[in-house]
2 protein chains.
Amino acid sequence: MLSKEELIKLFPDWEKGLYDAVAEHAELRTAKAGSILLKKGQNIKSTMLVVEGTVKLFQENEEGSEYFMYHLNPGEACAVTLVCNYHLEQSQVLAKAVTDISYLAIPIEFMDKWLNEYKSWHYFVIRTYRNRYEELLKTIHETAFKNMDERLEFYIKRQVQQFGNTIKLTHQEIANDLNTSREVISRLLKKMENNGWIALSRNSFDWIKK
Amino acid sequence: MLSKEELIKLFPDWEKGLYDAVAEHAELRTAKAGSILLKKGQNIKSTMLVVEGTVKLFQENEEGSEYFMYHLNPGEACAVTLVCNYHLEQSQVLAKAVTDISYLAIPIEFMDKWLNEYKSWHYFVIRTYRNRYEELLKTIHETAFKNMDERLEFYIKRQVQQFGNTIKLTHQEIANDLNTSREVISRLLKKMENNGWIALSRNSFDWIKK
DNA sequence: TTTTCAATGTGATAAATATCACCTTTCAAA
DNA sequence: TTTGAAAGGTGATATTTATCACATTGAAAA
């Protein structure tokens with residue numbers, strides 16, 4: 001388990017008692033880069049609080065296609081798993097580890113209890129939902145109004161913000177995240193290179209623009 | 001202001017004190033069908049709880065195009081306006097009255113206070129966010145994975161669920177909601193009519209299928 | 001070094017959607 | 001009853017994106 005100091009650093013707004021409760025009931029788990037943390041349709045058994053690394057959240061369809069929605073970083077939580085005790089529903093999203101990660105898994109039994117007992121947990125849940133909701137709005141905005149070239153630019157900028165100017169993704173991976181085909185991404189990236197926005201290389205490229 | 005009985009009917013899970021607080025501080029307002037309740041970029045001054053009628057929530061882009069996300073019904077609240085005191089941000093969404101409506105407007109000063117004072121308000125906020133988040137996920141799913149014919153079908157089914165089998169919308173209005181053009185909608189509706197799914201008439205059509 | 005395979009490049013073509021032009025229909029107001 | 005405006009129909013064409021086919025490249029493994 002994490003030390004109290006580490007918990008405070010990750011979740012600075014919590015009450016004292018909540019740190020103790022987490023320390024007592026949460027399990028610190030790790031997962032390898034690329035591993036699936038939550039599948040669409042899967043029953044939710046525990047809440048996930050990211051400690052280290054980055055998680056990617058997707059919408060998933062019947063055929064198994066994925067559509068990237070947003071990232072989760074240390075100190076952030078998966079919104080869908082936070083209040084699932086109300087509904088006892090299955091996950092509507094797919095969550096994957098981008099990097100090797102560690103996270104706190106809290107059995108959902110505690111969710112209702114903690115909402116009652118810890119005001120700071122309540123605020124944390126609301127803040128989480130609000131932030132994820134806003135990310136979703138951005139994603140909808142891009143998807144609904146923009147063509148693929150602009151969506152790709154938005155996607156790359158999100159990556160840059162997360163991981164810096166070097167994007168370590170294959171064209172195929174980007175195509176999967178944007179629910180398009182590899183050829184489309186290759187051609188658009190080539191165009192960006194011609195415009196001097198990026199520098200292409202194998203398995204990665206660099207964002208240069210601005 | 002609404003009577004306590006009316007409030008209880010709309011918001012059955014609240015605490016006694018919360019009904020009193022709402023009765024004291026909320027203002028009961030009305031708006032005509034079609035009127036804009038909240039614009040993108042507008043500063044949020046009050047929270048909106050729907051009392052009567054239906055509200056439509058949109059994503060809006062720079063050129064003023066609208067993209068329909070979901071409906072709000074009596075007893076439901078606009079998520080974006082619920083926790084804005086944290087951020088003091090501007091609205092990311094557009095809200096329009098579909099029918100003549102009445103709603104409770106609560107100055108946002110009370111939001112933080114009530115979160116502290118009323119557990120049932122806290123739960124109400126979380127439930128609101130969770131429900132809106134789920135609606136957004138559905139909208140993303142349709143937008144990201146489906147072609148226009150399937151998106152139109154999904155859209156019509158949402159309308160049917162809201163207002164019954166007669167859809168009182170022009171092709172242009174539907175096209176606006178789905179961010180496409182009138183011609184595309186006209187042709188797809190014609191195809192649906194040929195398939196026996198709908199019966200077209202001027203200014204409206206009926207959903208027949210199943 | 002050579003081999004091999006994933007990653008990428010690219011032309012050709014198909015499919016979906018957008019846009020333009022112009023026509024017909026319907027209904028309400030004059 | 002006439003008429004003008006809004007709603008809807010539809011062909012032609014442009015644009016965007018998807019799909020197919022196959023060539024090239026580069027890096028890791030043999």
Side-chain angles (χ1 to χ4, degrees), chain A residues 33-34 61-68 140-156 159 166-207, chain B residues 33-34 61-68 140-156 159 166-207:
Chain A
N61 79 353
E62 308 70 36
E63 287 98 43
S65 297
E66 300 160 9
Y67 191 80
F68 174 68
I140 286 192
H141 191 272
E142 293 301 306
T143 316
F145 295 124
K146 305 287 183 71
N147 285 348
M148 199 50 82
D149 54 345
E150 294 179 287
R151 287 171 53 197
L152 177 57
E153 191 184 340
F154 181 77
Y155 177 87
I156 294 173
Q159 289 289 321
T166 299
I167 285 97
K168 292 191 191 67
L169 292 168
T170 65
H171 302 182
Q172 185 64 63
E173 290 172 317
I174 298 173
N176 291 343
D177 284 356
L178 293 173
N179 193 43
T180 180
S181 66
R182 202 251 327 149
E183 295 92 322
V184 170
I185 297 301
S186 288
R187 284 191 250 259
L188 289 175
L189 287 176
K190 186 53 84 179
K191 200 177 287 180
M192 286 188 180
E193 183 173 53
N194 292 337
N195 292 340
W197 296 11
I198 60 175
L200 287 170
S201 45
R202 194 186 174 83
N203 289 310
S204 78
F205 59 91
D206 287 279
W207 182 252
Chain B
N61 78 355
E62 308 69 37
E63 287 98 44
S65 297
E66 300 162 9
Y67 190 80
F68 174 68
I140 286 192
H141 191 272
E142 293 303 303
T143 318
F145 295 124
K146 305 288 183 68
N147 285 348
M148 199 52 82
D149 53 346
E150 294 179 285
R151 286 171 54 196
L152 177 58
E153 190 184 341
F154 180 77
Y155 176 87
I156 293 174
Q159 289 289 320
T166 300
I167 284 97
K168 293 191 190 68
L169 292 168
T170 65
H171 301 183
Q172 185 64 62
E173 288 172 318
I174 298 174
N176 291 343
D177 283 358
L178 293 172
N179 193 43
T180 180
S181 66
R182 203 248 329 147
E183 295 93 322
V184 170
I185 297 300
S186 288
R187 285 191 251 259
L188 289 175
L189 287 176
K190 187 50 85 179
K191 200 177 287 179
M192 285 187 180
E193 183 173 54
N194 292 337
N195 292 339
W197 297 9
I198 61 174
L200 286 170
S201 47
R202 193 186 173 83
N203 288 311
S204 77
F205 59 92
D206 287 282
W207 182 251

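In what follows, chains are A, B, ... by sequence order, proteins preceding strands, each numbered from 1.
The base of C:dT17 has none of its N or O atoms less than 3.5 Å from a complementary donor or acceptor on the side chain of B:R182. Donor-acceptor pairing under 3.5 Å, judged by distance alone, is absent between the side chain of B:R187 and the base of D:dG8.
Of the inter-residue distances, the one linking B:L200 atom CG with B:F205 atom CZ reads 7.0 Å to the nearest 0.5 angstrom. Here the straight-line distance linking atom CD1 of A:I198 with atom CG of A:D206 works out to 9.0 Å at 0.5 Å rounding. We find the CD1-CD distance between A:I185 and A:E173 to be 12.0 Å, quoted to the nearest 0.5 Å. Distance check, rounded to the nearest 0.5 Å: CD of A:E183 to NE2 of A:H171 gives 12.0 Å.
Toward the 5' end of DNA chain D, the nearer of the two residues A:D149 and A:N203, judged by each one's closest nucleotide, is A:D149.
Every residue meeting the salt bridge (Lys or Arg N to Asp or Glu O under 4.0 Å) condition with A:E193, not counting sequence neighbours, appears here in chain and number order: A:K190.
For B:R202, taking side-chain heavy atoms from C-beta onward, the closest of the listed nucleotides C:dC27, C:dT19, D:dA18 is C:dC27. Distances were taken from every side-chain heavy atom of B:T170 (C-beta onward) to each of D:dA18, D:dA7, C:dT17; the shortest belongs to D:dA7. If you check C:dT17, D:dG8, D:dA18 against the side chain of B:H171, the one that comes closest is D:dG8. You'll find that the side chain of B:E183 is closest to C:dC20, out of C:dA18, C:dC20, D:dA7.
The distance between atom CE of B:M192 and atom P of D:dG8, rounded to the nearest whole Å, is 15 Å. Residue A:I185 contributes atom CD1, which lies 10 Å from atom P of D:dT17 at whole-angstrom precision. Remark: P of C:dT10 and CG of A:L188 are 13 Å apart, rounded to the nearest angstrom. In this structure, B:R151 atom CZ and C:dT17 atom P are separated by 8 Å, rounded to whole Å. The interatomic distance linking B:N147 (CG) with D:dT16 (P) rounds to 18 Å, in whole Å. What separates CG of B:N176 from P of C:dA18 is a distance of 12 Å, to the nearest Å. Taking atom CD1 of A:I174 as the reference point, atom P of C:dA7 lies 12 Å away to the nearest angstrom. Distance, A:E173 CD to C:dT8 C1': 14 Å, rounded to whole Å.
Within 4.0 Å of A:S181, counting heavy atoms only, lies at least one base atom of the nucleic acid.
Side-chain nitrogen and oxygen atoms of B:S186 include none within less than 4.0 Å of the OP1 or OP2 phosphate oxygen of D:dA7.
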